[in-house]
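Following: one structure in structure tokens, then a few remarks.
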Amino acid sequence: MFVKVLDGFGGRGDYKAKADEKSLREVYKNITESNAKYIVEEYFYQDGFFHEVNPSSLNTIRVTTAKNKKGIQIFFAYFRVGGAGARVDNLHSGGVSYPIDITKGQLYTGLTYKICDIEYHPSTNTKVAGYVIPNWKEIVDYAKKLHQMAPEGANLIGWDFCVNTDKIIVIEGNAGPGFPLEINYKQNTWKKVKKYLDEF
């Protein structure tokens with residue numbers, strides 16, 4: 001299973017645990033004696049390319065959707081990969097973010113808070129830039145469908161997907177999805193998103 005701090009940030013305080021009786025009792029003790037709130041999820045075993053890039057973490061695709069009276073639009077997406085030995089894929093925890101061309105599902109060169117133009121993932125030397133995500137349209141349609149079911153007022157959501165060779169799983173939706181660094185600074189994604197939400 002995977003145990004997450006409900007109001008956590010950047011994967012801090014999250015951990016993986018076995019699902020045997022001893023571990024379950026330990027997890028229960030930890031979460032009931034803590035002042036923090038937790039969510040306990042079934043652990044998802046990833047495979048294929050998305051696992052091979054960095055096997056220690058669950059590596060996800062973040063697709064950010066915005067909603068106004070005109071409908072739901074996808075503004076940006078990126079592939080999040082953990083660092084060597086990391087259990088989470090967050091940029092704040094040493095991960096790498098690879099922006100995605102939302103029209104084709106192709107991965108651009110990645111970046112961290114210190115390095116740009118990362119073509120090969122540092123922990124496995126797997127080439128990531130240029131990879132085209134299979135079933136990209138299905139992921140995009142899934143994100144839009146999920147947003148249609150979101151509560152009233154949730155107009156900007158970052159959806160985290162885990163992709164396997166045979167399935168697409170949604171991990172969570174984030175009301176504060178964060179904004180990746182621009183591929184081209186002239187794009188000014190935040191300005192476009194704000195304008196779109198102001199038209200609600």
Side-chain angles (χ1 to χ4, degrees), residues 2 4 9-12 14-16 41 43-65 73-144 146 157-174 177-190 192-193:
F2 200 77
K4 300 175 64 175
F9 177 76
R12 296 180 181 91
D14 301 350
Y15 63 96
K16 181 170 64 173
E41 302 174 327
Y43 188 80
F44 186 77
Y45 291 91
Q46 197 167 31
D47 64 16
F49 171 82
F50 296 100
H51 171 72
E52 293 163 6
V53 174
N54 189 66
S56 68
S57 59
L58 183 70
N59 307 304
T60 60
I61 294 171
R62 168 71 59 88
V63 179
T64 299
T65 55
Q73 180 174 330
I74 292 177
F75 274 99
F76 54 86
Y78 46 103
F79 176 43
R80 311 185 320 161
V81 188
R87 65 187 184 281
V88 294
D89 61 1
N90 305 71
L91 202 60
H92 302 281
S93 300
V96 182
S97 178
Y98 296 89
I100 301 171
D101 181 326
I102 61 173
T103 60
K104 299 184 292 185
Q106 184 172 359
L107 301 178
Y108 291 106
T109 53
L111 50 88
T112 67
Y113 284 123
K114 296 179 180 179
I115 308 170
C116 294
D117 296 323
I118 302 171
E119 188 175 359
Y120 293 81
H121 193 267
S123 67
T124 58
N125 204 34
T126 301
K127 185 176 181 182
V128 178
Y131 182 82
V132 178
I133 299 170
N135 303 319
W136 175 244
K137 184 178 184 305
E138 187 178 345
I139 295 170
V140 167
D141 291 344
Y142 196 176
K144 290 180 178 179
L146 286 168
I157 304 175
W159 304 100
D160 291 342
F161 293 98
C162 178
V163 178
N164 264 10
T165 53
D166 61 345
K167 65 178 69 173
I168 300 168
I169 300 293
V170 61
I171 303 297
E172 63 185 16
N174 298 269
F179 284 79
L181 295 178
E182 300 280 13
I183 302 166
N184 177 349
Y185 290 100
K186 292 180 181 179
Q187 290 178 340
N188 200 335
T189 299
W190 167 241
K192 291 178 182 177
V193 171

Could you list the residues that satisfy salt bridge (Lys or Arg N to Asp or Glu O under 4.0 Å) with Asp47, not counting sequence neighbours? none
For the [atom1] atom of [X] and the [atom2] atom of [Y], what is their distance to the nearest 0.5 Å?
X      : Y      : atom1 : atom2 : answer
Tyr78  : Leu111 : OH    : CG    : 10.5 Å
His51  : Asn59  : NE2   : CG    : 8.5 Å
Asn164 : Phe44  : CG    : CZ    : 4.0 Å
Glu172 : Ile157 : CD    : CD1   : 12.0 Å
Tyr98  : Ile61  : OH    : CD1   : 13.5 Å
Ile100 : Phe76  : CD1   : CZ    : 11.5 Å

I need the minimum non-hydrogen distance between Ser123 and Val53, along with the two atoms involved. OG-O, 3.8 Å
Contact summary for Phe49 and Val128, nearest pair of heavy atoms: CZ-CA, 4.2 Å
Within the distance-only criterion (no hydrogens, no angle test), does the side chain of [X] pair as donor or acceptor with the backbone N or O of [Y] below 3.5 angstrom?
X      : Y      : value
Gln46  : Cys162 : no
Asn54  : Thr124 : no
Ser56  : Ala86  : yes
His121 : Ala84  : no

With ring centroids as reference points, do Phe79 and Phe50 lie under 6.0 angstrom apart? yes
For residues 108-123, pull every pair meeting salt bridge (charged side-chain N to carboxylate O under 4.0 Å, His left out), keeping only residues two or more places apart or in separate chains. Glu119-Lys127
Beyond-backbone contact of Val140 with Ile102, side-chain heavy atoms, under 4.5 angstrom: no
Worked verdict on Ile133 versus Leu107 for side-chain contact (heavy atoms from CB on, under 4.5 Å): CA-CA 8 Å; Ile133 299 170; Leu107 301 178; 3.9 Å; yes
Just to verify, which of Asn174, Ile171, Ile74, Thr65 counts as forming a side chain to side chain contact (heavy atoms under 4.5 Å, CB included) with Trp159? Thr65
Name of the residue among Val88, Asp89, Val163 meeting side chain to side chain contact (heavy atoms under 4.5 Å, CB included) with Thr60: Asp89
Qualifying residues under side-chain hydrogen bond (donor to acceptor under 3.5 Å, both in side chains), relative to [X], sequence neighbours excluded:
X      : result
Arg62  : Asp160
Ser97  : none
Lys167 : none

Partner residues of Phe75 under the ring pair (Phe, Tyr, Trp, His ring centres under 6.0 Å) criterion, sequence neighbours left out: Tyr196
